[in-house]
Protein chains: 2
Amino acid sequence: MTLKRVAQDLNLSVTTVSRALNGYSDVSESTREKVIDAARRVGYVPNRLAQALQRGTAEAVGIILPSQFGHFEDPFFLELLVGIGERLHNANLDLVVCAVPEGPAELDAYKRLVEGRRADAIIVARTRRQDERIDYLIDRGVPFVTHGRAETREPIAFIDADARTAFRRSTRRLIELGHRRIALIGAPEELFTAGERKAGYEDALREAGIAFDPNLYAVTKLNERGGTAAAERLLQAETRPTALLCANDTVALGALRIARRLGITVPEELSIVGFDDLPMAAQAEPALTTMRQDIRRAGARLAEMTCARLGGTAVNDLQELLEAPLIERESTGPAPGGA
Amino acid sequence: MTLKRVAQDLNLSVTTVSRALNGYSDVSESTREKVIDAARRVGYVPNRLAQALQRGTAEAVGIILPSQFGHFEDPFFLELLVGIGERLHNANLDLVVCAVPEGPAELDAYKRLVEGRRADAIIVARTRRQDERIDYLIDRGVPFVTHGRAETREPIAFIDADARTAFRRSTRRLIELGHRRIALIGAPEELFTAGERKAGYEDALREAGIAFDPNLYAVTKLNERGGTAAAERLLQAETRPTALLCANDTVALGALRIARRLGITVPEELSIVGFDDLPMAAQAEPALTTMRQDIRRAGARLAEMTCARLGGTAVNDLQELLEAPLIERESTGPAPGGA
DNA sequence: CCTGCGTTCCAAAACGTTTTGGAAAGGATA
DNA sequence: TATCCTTTCCAAAACGTTTTGGAACGCAGG
């Protein structure tokens with residue numbers, strides 16, 4: 001059912017029907033009523049493609065899933081997607097999702113989205129310190145918002161957890177509990193957030209006068225296998241750490257498993273801290289101490305910011321850092337050996 | 001950069017440029033080369049909206065995420081999404097994702113997708129026995145493919161795990177191990193798959209001459225909390241089951257936790273079986289016996305079938321049942337009390 | 001009676017493609 | 001020379017909207 005058909009039925013012009021439905025003032029109330037009525041009766045729904053073509057916008061925002069993520073490892077992403085999707089849906093914007101294997105194909109997918117005009121704006125997730133996707137979007141002048149910061153030549157719109165503060169706070173808390181040998185299992189260093197987490201950890205160490213020990217620092221992919229491998233290495237050193245700060249809940253749960261396997265009791269002999277507060281964290285045994293992120297809310301904000309960006313809000317007004325409070329559960333406790 | 005601009009640059013008509021780029025034979029090789037060359041030089045990419053409008057298709061397929069899923073509980077869905085997304089991307093189709101809260105808004109989202117012509121086809125996930133979404137799509141004559149079967153008035157295109165066979169096989173295996181009191185924690189009964197799983201379980205019991213005991217049957221939402229609640233109830237009955245068949249790995253892991261909390265050893269006193277084979281399953285302690293589904297592959301097939309459906313393949317040729325083989329790990333063993 | 005001003009309507013252009021139905025030019029055939 | 005193909009090109013219509021720039025009408029003020 002098209003506008004033209006509705007117009008013919010009513011003996012009106014398409015112009016009038018269009019303007020009646022879109023609330024213009026140059027159509028009388030009586031005909032407006034007739035039009036709205038008829039439209040509903042015949043089930044008229046505007047053709048989105050035609051609207052978009054005419055308006056010169058796609059009425060959609062794009063997001064790209066690097067498929068590796070999807071490999072079950074991180075429920076995180078689905079949650080983010082749902083947060084974004086719900087809010088966009090309310091704003092009557094489509095969410096166009098592309099899944100591509102991480103690697104060279106990734107940037108191509110962005111190009112296809114942008115240059116084929118399938119999306120008016122892009123949401124970039126899991127930002128890297130040097131991020132070619134962001135460079136590209138800046139070059140093209142495409143509105144975009146990122147989840148996570150990056151090192152860019154000009155300011156960008158982003159939302160991010162304040163991981164530095166969170167890790168500083170957690171580390172400080174562990175120090176307060178008497179820990180001195182605190183290890184960090186960090187994220188891959190190309191991720192911006194990896195640097196933040198490490199910096200927060202180092203901040204707290206410095207404040208307490210504890211030297212950073214490279215032997216207490218490991219890096220891992222953000223999945224459970226990565227967690228077990230890194231934890232295993234750290235825990236089998238001759239003088240092992242008394243506390244483990246993990247980039248991720250998934251990683252932390254991997255560490256927890258290794259500790260159990262090695263016969264190290266948590267939290268008596270080893271404290272473990274995660275990040276994200278996935279539901280799994282609360283249900284682990286012992287329940288995992290972690291830093292909480294409200295991911296769905298972050299997704300929703302991301303969507304709102306994208307709309308704001310499309311509405312012309314300046315990027316400088318679209319930069320948000322979210323607190324990630326420490327949730328102390330059972331996987332942390334006083335350092336062993338009664339300090 | 002539009003077709004018109006390219007045409008002007010070359011002193012050709014848009015027709016010729018269009019046809020040159022689309023490989024029609026009524027343009028000479030020399031001009032075709034010139035056109036292709038110029039197009040690449042100025043970075044011409046066709047406007048997808050214009051193409052779509054003209055062709056009368058959206059060049060996109062839609063899928064709707066009931067937001068509840070996203071609640072971290074089930075990595076399943078992300079995996080499916082990635083499988084679908086990758087394949088559609090290769091076919092140069094967009095994937096339009098809507099996230100809406102489960103409930104009345106859900107069907108509206110389908111309507112918006114279909115009637116606004118945002119999608120040429122729809123993928124429906126997590127089918128219910130009586131599924132109004134499917135009824136709607138049939139009524140509208142929209143091509144669609146489902147993940148999971150449903151009770152419909154006419155045949156539909158679907159892909160589904162053969163849960164009945166899988167549950168029958170697992171139950172039979174437990175009986176072989178000497179179990180007689182085998183409980184089933186099933187999915188909510190409105191889901192089609194719930195009936196299949198129960199039927200497979202009952203098939204095996206019947207074959208072994210064991211009567212179905214309603215006290216050994218519970219139903220739960222497909223998340224960890226549901227698993228713990230149902231398992232708790234079943235395990236605290238006076239004569240508790242010696243084996244637990246779970247609708248889901250997530251549910252099974254919940255059950256595992258409860259067993260541990262109640263001091264019931266697995267698998268010595270209680271065998272537990274899951275479904276899906278999430279990576280978490282292999283890493284649980286003890287490692288979970290489960291039925292394997294290759295979800296990403298299912299997603300990919302779903303995408304292929306959608307394309308086939310758009311290409312006119314009959315629904316009867318687009319019905320696939322996938323095996324879900326039993327993966328025996330450490331959470332199952334001989335029935336206690338030496339049968 | 002003319003002018004000016006609201007009010008209400010509409011024809012036509014535009015968005016960027018694809019496709020239809022020729023047209024022009026050149027060569028071969030009669 | 002007239003006719004008929006081939007080859008190569010193109011003008012214009014179409015897809016379904018939104019928007020521009022009036023037009024027609026009635027009415028008040030002069």
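As the structure is a prediction and not an experimental result, all values here were calculated from the model. Chain letters run A, B, ... following the sequence lines, proteins first and then strands; every chain starts at 1.
Comparing A:Y24 and B:L12 by the nucleotide of DNA chain D whose heavy atom lies nearest to each, the residue mapping closer to the 5' end is B:L12.
B:E79 and B:R296 are joined by a salt bridge, as a carboxylate oxygen and a charged side-chain nitrogen come within less than 4.0 angstrom of each other. Salt-bridge formation is detected for the pair A:R153/A:D139: a Lys NZ or Arg NE/NH1/NH2 atom is positioned less than 4.0 Å from an Asp or Glu carboxylate oxygen.
With 3.5 Å as the limit, one finds no donor-acceptor pair spanning the side chains of A:S18 and A:T15.
For DNA chain C, the neighbouring residues in residues 13-23 of chain A, judged by any heavy atom under 4.0 Å, are A:S13, A:T15, A:T16. Shown for residues 34-60 of chain B: residues whose heavy atoms fall under 4.0 angstrom of DNA chain D, namely B:L53, B:Q54.
Annotation: side-chain contact (heavy atoms from CB on, under 4.5 Å) contacts of B:Q51 (sequence neighbours excluded): B:P46, B:R55. Residues forming a side chain to side chain donor-acceptor pair (under 3.5 Å) with B:Q130 (at least two apart in sequence, or on another chain): B:E151. Scored by the side chain to side chain donor-acceptor pair (under 3.5 Å) test, B:E320 finds B:R301 as partners (sequence neighbours excluded). With sequence neighbours excluded, the residues forming a side-chain contact (heavy atoms from CB on, under 4.5 Å) with B:T193 are B:A163, B:L191, B:R197, listed by chain and number. The side-chain contact (heavy atoms from CB on, under 4.5 Å) check on B:E132 picks up B:L107, with sequence neighbours excluded. Considering only residues two or more places apart in sequence or on other chains, B:D160 meets the salt bridge (charged side-chain N to carboxylate O under 4.0 Å, His left out) condition with B:R149. Evaluation of the side-chain contact (heavy atoms from CB on, under 4.5 Å) rule for B:D120 yields B:T57, B:A58, B:L310 as partners, not counting sequence neighbours.
Using a 4.5 Å heavy-atom threshold, the side chains of A:V145 and A:V124 count as separate. Counting heavy atoms from C-beta on, the side chains of A:I159 and A:H147 come closer than 4.5 Å.
Not one side-chain nitrogen or oxygen of B:T31 sits closer than 4.0 Å to the OP1 or OP2 atom of D:dT8.
Over its length, the helix from C:dC1-D:dG30 to C:dA30-D:dT1 turns its helix axis by 80°, as judged from the five terminal pairs at each end, rounded to 10°.
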Let me have the donor-acceptor pairs involving side chains of residues 108-115 of chain A, under 3.5 Å, with sequence neighbours excluded, atom names and distances please.
{"unit_1": "A:Y110", "atom_1": "OH", "unit_2": "A:R133", "atom_2": "NH1", "d": "3.4"}
{"unit_1": "A:R112", "atom_1": "NH2", "unit_2": "B:H89", "atom_2": "O", "d": "2.7"}
{"unit_1": "A:R112", "atom_1": "NH2", "unit_2": "B:N92", "atom_2": "OD1", "d": "3.4"}
{"unit_1": "A:E115", "atom_1": "OE2", "unit_2": "A:Y136", "atom_2": "OH", "d": "2.5"}

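With a cutoff of under 4.0 Å to any heavy atom of chain B, the contacted region of DNA chain C is bounded 5' to 3' by C:dG16 to C:dT20.
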